[in-house]
Amino acid sequence: MDNKKNVLSDTVNVTIHQSYLQDENASYGKVQRNTAYIGNVIEAIVRQNNTLKEETLLFAAGLLRDGMLELLSQGKAVDVLELGVIYPKVSESMDTATPDVSDIPQLVLGYTASTKALSAVAHLTAGATIAAQSVPVIKEAWDMKQCAANGTLTAGQGVRLTGRKLKIAGKAEATGVFFVPVDDSGSIDESGSNWIRAAETKKLSQNTQGTLLFVLNKDIAPGTYKIVIKTAFGNGERVNKTVRTGMMSASVKVRADS
């Protein structure tokens, strides 16, 4: 087992993001990862108890890892040293009311933290907060058939979005232009389960910081939508790991092409 170590920060840093899917005054925070690898864990053990050598602890850790992997490969849930349980789970829903075994999608791993692990972090407070990078801002949505930005777009026709920090980059499955249905109460489903991907990078005929140009899906249902942009584009030509989300403040109405 590799005795990998990391240089750890003494503070818990939290990045503050403004939520564009709720009230405009709402925000949320994300703790920046401060990952301790097995070498860091062994160092912490030796500081408290130096009975065993680091090499011995590393060897034992490798045996524990291999034993847990074997059990996971058999479909078992595994209690990881009383810190929590990792377990196989179905990755996504099935599009049928009467599924059989062949309809079950790929299995992935889930994790449930133990009470002991949750108690270990319950006392922590943020040592620093960092403002997140600014998010995409959509100012106007132009219907190219009408040559107007009047709040109405036409299915199957060109749409031009203008604003700032709009350029889309990053993994195709996580980024793009989305149309989010708005219900009668003016609310949207924040889970993303009913979001309609209107455009991904390869379908954009113009993809700049100030303008996105694409053809709206011709089969999108008439109705009221919020337009959301998800992008990982950073400064210069850099693509970030973090996907930033921006939502147009005004809703748009989509009509069928006549």
Side-chain angles (χ1 to χ4, degrees), residues 1-17 28-96 98-130 132 170-175 190-193 195 230 232 239-245:
M1 189 170 190
D2 184 16
N3 190 22
K4 189 176 180 180
K5 297 179 183 179
N6 197 6
V7 178
L8 302 176
S9 169
D10 292 330
T11 60
V12 179
N13 296 323
V14 176
T15 305
I16 303 301
H17 301 258
Y28 64 95
K30 287 186 176 181
V31 175
Q32 294 185 355
R33 291 278 180 92
N34 193 18
T35 304
Y37 295 107
I38 187 62
N40 300 103
V41 175
I42 289 176
E43 281 186 346
I45 293 171
V46 172
R47 283 196 298 269
Q48 299 294 326
N49 186 332
N50 60 3
T51 304
L52 296 177
K53 293 182 179 180
E54 290 190 15
E55 294 79 4
T56 304
L57 292 169
L58 188 65
F59 179 72
L63 293 177
L64 287 169
R65 176 204 59 197
D66 293 344
M68 292 177 187
L69 287 174
E70 181 179 354
L71 291 169
L72 284 172
S73 70
Q74 298 169 9
K76 307 294 192 299
V78 177
D79 182 344
V80 183
L81 304 177
E82 299 184 350
L83 297 179
V85 176
I86 52 177
Y87 55 90
K89 68 173 186 176
V90 177
S91 60
E92 57 191 20
S93 61
M94 291 168 275
D95 298 327
T96 174
T98 57
D100 57 28
V101 173
S102 63
D103 294 310
I104 297 175
Q106 180 182 3
L107 298 183
V108 295
L109 283 180
Y111 170 75
T112 302
S114 68
T115 302
K116 186 174 293 187
L118 293 172
S119 296
V121 300
H123 71 284
L124 293 176
T125 56
T129 56
I130 301 95
K171 294 181 179 179
E173 65 272 16
T175 61
E190 296 177 22
S191 71
S193 61
W195 294 20
K230 295 173 76 69
V239 177
N240 297 327
K241 292 182 179 179
T242 301
V243 174
R244 295 176 289 113
T245 301

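Please read these numbers as outputs of a predicted model, since none were measured by experiment.
To the nearest 0.5 Å, atom CD of residue Gln74 and atom NZ of residue Lys76 are 4.5 Å apart. One finds the NZ atom of Lys4 at 13.5 Å from the CG atom of Leu58 (value rounded to the nearest 0.5 Å). Atoms CG and CG, on Leu64 and Leu81 in that order, are 6.0 Å from each other to the nearest 0.5 Å. Interatomic distance, Glu190 CD to Thr245 OG1, rounded to the nearest 0.5 Å: 11.5 Å.
Under the side chain to side chain contact (heavy atoms under 4.5 Å, CB included) criterion, Ala77 pairs with Val85, Tyr87, not counting sequence neighbours. With sequence neighbours excluded, the residues forming a side chain to side chain contact (heavy atoms under 4.5 Å, CB included) with Val121 are Leu124, listed by chain and number. For Leu118, the side chain to side chain contact (heavy atoms under 4.5 Å, CB included) partners at least two apart in sequence or on another chain are Ala113. Under the rule for a side chain to side chain donor-acceptor pair (under 3.5 Å), the partners of Ser191 that lie at least two apart in sequence or sit in another chain are Asp189, Ser193. Partners of Asn34 by side chain to side chain contact (heavy atoms under 4.5 Å, CB included), not counting sequence neighbours, listed by chain and number: Leu8, Ser9.
Residues Val80 and Met68 are in side-chain contact: their nearest non-hydrogen atoms beyond the backbone lie under 4.5 Å apart. No side-chain heavy atom of Asp79 sits under 4.5 Å from any side-chain heavy atom of Ile86. For the pair Asn13 and Val31, the minimum side-chain heavy-atom distance is 4.5 Å or more. At a threshold of 4.5 Å between non-hydrogen side-chain atoms, the residues Lys89 and Leu109 do not count as touching.
The list of salt bridge (Lys or Arg N to Asp or Glu O under 4.0 Å) pairs with a residue in residues 52-75, not counting sequence neighbours, is empty. Legend: side-chain hydrogen bond (donor to acceptor under 3.5 Å, both in side chains) pairs involving residues 104-125, not counting sequence neighbours, sorted by first then second residue: Glu82-Lys116. Note on residues 36-50: pairs passing side-chain hydrogen bond (donor to acceptor under 3.5 Å, both in side chains), not counting sequence neighbours, are Lys5-Glu43, Asn49-Thr51.
In terms of heavy atoms, Pro88 sits closest to Gly75 at CG-O, 3.7 Å. In terms of heavy-atom proximity, Val14 sits nearest to Ala126 at CG2-CB, 3.7 Å.
Within the 3.5 Å criterion, the main-chain N or O of Thr35 finds a donor-acceptor partner in the side chain of Asn6.
When only modelled atom types and interatomic distance are considered, Thr175 and Lys230 share no side-chain donor-acceptor pair under 3.5 Å.
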